[in-house]
Amino acid sequence: MLDIKFIRENPELVKKGIESKNENSRVDEVLQLDKQRREILVVSEELKAKRNQVSQDVGKLKKAGQDTSAIVAEMKEVSDKITEYDKKLNTVESELNELLMYIPNIPHSSVPIGRSTEDNVEVRRWLPEEFSFEQNEKVYDHIELGKKLRILDFKRGAKISGSGFPVYLGKGATLERALINFMLDYHLHNHGYSEVFPPFLVNRDSMKGTGQLPKMEEDLYFIDKDGLFPIPTAEVPITNLYRNEILNENDLPIKLVGYSACFRREAGSYGKESKGFLRVHQFNKVEMVKFVKPENSLNELENLVNDAEDILKALQIPYRILMLCSGDLSFAAAKCYDIETWSPAEKRWLEASSCSTFGDFQARRANIRYRNESTKKLEFVHTLNGSGLATSRLMVSLLENYQTPEGKIIVPKVLQKYTGFNIIE
RNA sequence: GGAGAGAUGGCAGAGUGGUUGAAUGCGGCGGUCUUGAAAACCGUUUAUCCUUUGGGAUACCGGGGUUCGAAUCCCUGUCUCUCCGCCA
């Protein structure tokens with residue numbers, strides 16, 4: 001969430017930021033509640049100071065054997081007043097906090113202002129040497145390939161779970177597993193990350209910490225019986241590793257990478273987007289998470305994108321990088337790059353990764369701080385995360401780009417030692 | 001699932017109604033001593049909020065209550081540990 005002091009001091013900036021995200025600005029309500037809160041607080045604290053003083057005196061007087069009944073009676077009234085003011089304070093404070101939890105992060109100043117995906121800015125693209133957009137005029141799409149090679153089964157997935165729960169079969173399952181292991185190893189050995197294998201179910205506090213809750217509850221699965229949420233991304237458990245903790249400055253940046261299955265309800269998103277792998281309820285993802293010093297946040301974001309890109313270069317899959325405009329930024333993000341891979345069958349780019357810095361937005365919610373050794377103060381870290389990458393969309397591009405004219409799949413070179421085979425036919 | 005125990009500062013661990021924000025030990029930081037280091041000794045070491053910048057308030061797992069006054073008493077929730085049962 002945003003710092004209430006920052007909102008108090010920069011209301012116009014905050015309003016503009018929120019509106020540029022196409023979100024409803026409720027800054028005036030926040031300021032109103034904040035003002036109320038402080039007014040009540042002052043009165044309550046004055047009364048408490050009095051109570052503390054007199055209560056101590058009562059103790060002393062009693063020890064000295066003196067009668068205190070008059071004072072005690074008077075203090076009873078003060079005490080009642082305190083209760084009254086604290087109740088008011090409580091109401092106002094919880095309203096304020098609730099409201100603050102719904103206020104999105106504001107875009108970083110380097111983010112282009114825009115309304116929708118159309119205003120995103122393509123930063124760069126990378127294509128394998130022999131690649132051309134025209135060469136693949138006649139191609140099978142990933143669904144046809146999956147069916148033909150008996151490596152993907154969407155129908156049976158729908159039978160056992162529902163639509164959007166794909167089943168990987170045979171060499172398809174092996175390929176998926178190889179892809180995950182390859183990506184993990186790559187980040188571990190080449191990019192200096194440490195591996196985490198997180199829980200796939202998390203509690204409400206964790207979901208609030210990274211900002212999925214309270215706003216996006218509709219998009220989450222929820223296990224009512226135990227009060228647990230299946231994670232929509234490993235970002236949630238991994239970022240929350242350090243919730244309510246104080247990190248050593250020397251340990252920063254902390255760079256973690258982890259695999260998880262991801263579960264998303266994708267409420268209300270039916271239609272052509274939903275065929276095959278393009279939008280599913282369960283998919284696999286390797287996620288990178290960083291905890292960094294505030295001044296390094298933007299730099300670390302660039303590195304994060306590069307780390308994700310390296311995977312695609314190694315796999316020789318065409319991709320492009322977009323800087324998201326303000327209107328396309330997610331609730332918690334301050335700045336974000338999407339990586340899109342090319343689908344020859346769809347003849348369009350598919351989002352396979354999203355790399356964001358959240359500034360101190362998540363850190364403030366999750367209370368993740370570090371001791372700044374030069375100022376000796378506790379400060380919030382900045383958190384970043386990026387997919388490195390999501391296998392489902394990546395698999396679409398991989399299968400389609402690596403198909404032969406006969407509809408076989410060549411296994412990318414770097415994956416062959418993980419799969420143990422070099423062709424799927 | 002059954003029975004019991006517990007939750008206090010970075011850690012360990014006292015404290016069972018009145019200067020206790022919290023003894024003591026360890027750790028950390030600063031200093032004395034030393035050629036240097038260790039040891040020893042001395043000192044220091046929580047955070048958040050409000051503020052008329054003097055100061056004030058809050059917090060001993062969370063929430064509620066009793067009381068003039070709660071780390072301390074009562075209720076409740078959560079979590080952890082031990083034993084038994086079940087089990088990949």
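Side chains are part of it too, since the values below use all heavy atoms of this structure and drop only hydrogens, waters and symmetry mates. What you see is a predicted model; the values in this text were computed from it and never measured. Here is the naming used below: chain letters follow the sequence lines, and residue numbers restart at 1 for every chain.
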- line: Result for 5'-nearest mapping on RNA chain B, choosing between A73(A) and Q53(A), is Q53(A)
Lys/Arg N to Asp/Glu carboxylate O, D119(A) vs R115(A), below 4.0 Å: no
task: Taking syn as within 90° of 0 and anti otherwise, name the glycosidic form of G54(B).
output: syn
- request: Return the value, rounded to whole Å, for the distance between atom CG of D251(A) and atom C1' of G28(B).
  value: 15 Å
- prompt: Does A70(B) have a Watson-Crick or wobble partner in any strand here, with both distances under 3.5 angstrom, and which is it?
  reply: none
query: Is a salt bridge present between D153(A) and K159(A), judged by a nitrogen-to-oxygen distance below 4.0 Å?
result: no
- prompt: If you take all heavy atoms of P253(A) and V292(A), which pair is closest and at what distance?
  reply: CB-CG1, 3.8 Å
task: For nucleotides 47-53 of chain B, just jot down a letter per nucleotide in 5' to 3' order: B, S or -, based on protein non-hydrogen atoms under 4.0 Å.
output: SSSSS--
message: Strictly by Watson-Crick or wobble contacts shorter than 3.5 Å, is anything paired with G30(B), and which nucleotide is it?
response: C42(B)
field: A22(B) - base-pair partner by Watson-Crick or wobble geometry, distances under 3.5 Å
entry: none
query: P atom, A23(B) versus G9(B): distance in rounded Å?
result: 12 Å
- prompt: Can you name the residues that form a side-chain hydrogen bond (donor to acceptor under 3.5 Å, both in side chains) with T341(A), not counting sequence neighbours?
  reply: S397(A)
- request: Please name the residue in the list N385(A), T233(A), D338(A) that meets the side chain to side chain donor-acceptor pair (under 3.5 Å) test with S354(A).
  value: D338(A)
statement: Closest to the 5' end of RNA chain B, once K76(A) and K87(A) are matched to their nearest nucleotides, is K87(A)
- prompt: On a whole-Å scale, what distance lies between the C1' atoms belonging to U66(B) and U76(B)?
  reply: 15 Å
message: Output the rounded distance in Å from CG (L47(A)) to P (A57(B)).
response: 12 Å
field: Interatomic distance at P, U44(B) relative to U35(B), whole Å
entry: 28 Å
field: P atoms of C74(B) and G17(B), separation to the nearest Å
entry: 12 Å
Atom pair distance, as rounded to whole Å: CD in E249(A) and P in G28(B): 19 Å
Nearest-Å distance once atom C1' is located in both A7(B) and A59(B): 16 Å
- line: pair_partner(G4(B)), Watson-Crick or wobble, both distances < 3.5 Å, evaluates to C81(B)
message: Apply ring pair (Phe, Tyr, Trp, His ring centres under 6.0 Å) to residues F283(A) and F277(A) and explain how you reach the verdict.
response: CA-CA 9 Å; F283(A) 61 96; F277(A) 265 141; 9.6 Å; no
- prompt: Could you state the CD1-C1' distance from I82(A) to A70(B), rounded to the nearest angstrom?
  reply: 14 Å
message: Using a 6.0 Å distance limit plus a 45 degree cone around the ring axis, check whether R204(A) lies over the aromatic ring of F222(A).
response: yes
Distance-minimising heavy-atom pair for T91(A) and S94(A): O-OG, 3.1 Å
- line: note: K48(A), atom NZ; C68(B), atom C1'; distance rounded to Å ~ 15 Å
statement: L228(A) CG to C79(B) P, in whole Å, measures 9 Å
message: If I take atom CD in residue E245(A) and atom P in nucleotide G9(B), what distance separates them, rounded to the nearest angstrom?
response: 14 Å
- request: Whole angstrom is fine here: how far is it from CD in Q56(A) over to P in G17(B)?
  value: 18 Å
task: Please work out if N52(A) contacts a base, only the sugar-phosphate, or nothing of the nucleic acid, heavy-atom cut-off 4.0 Å.
output: sugar-phosphate
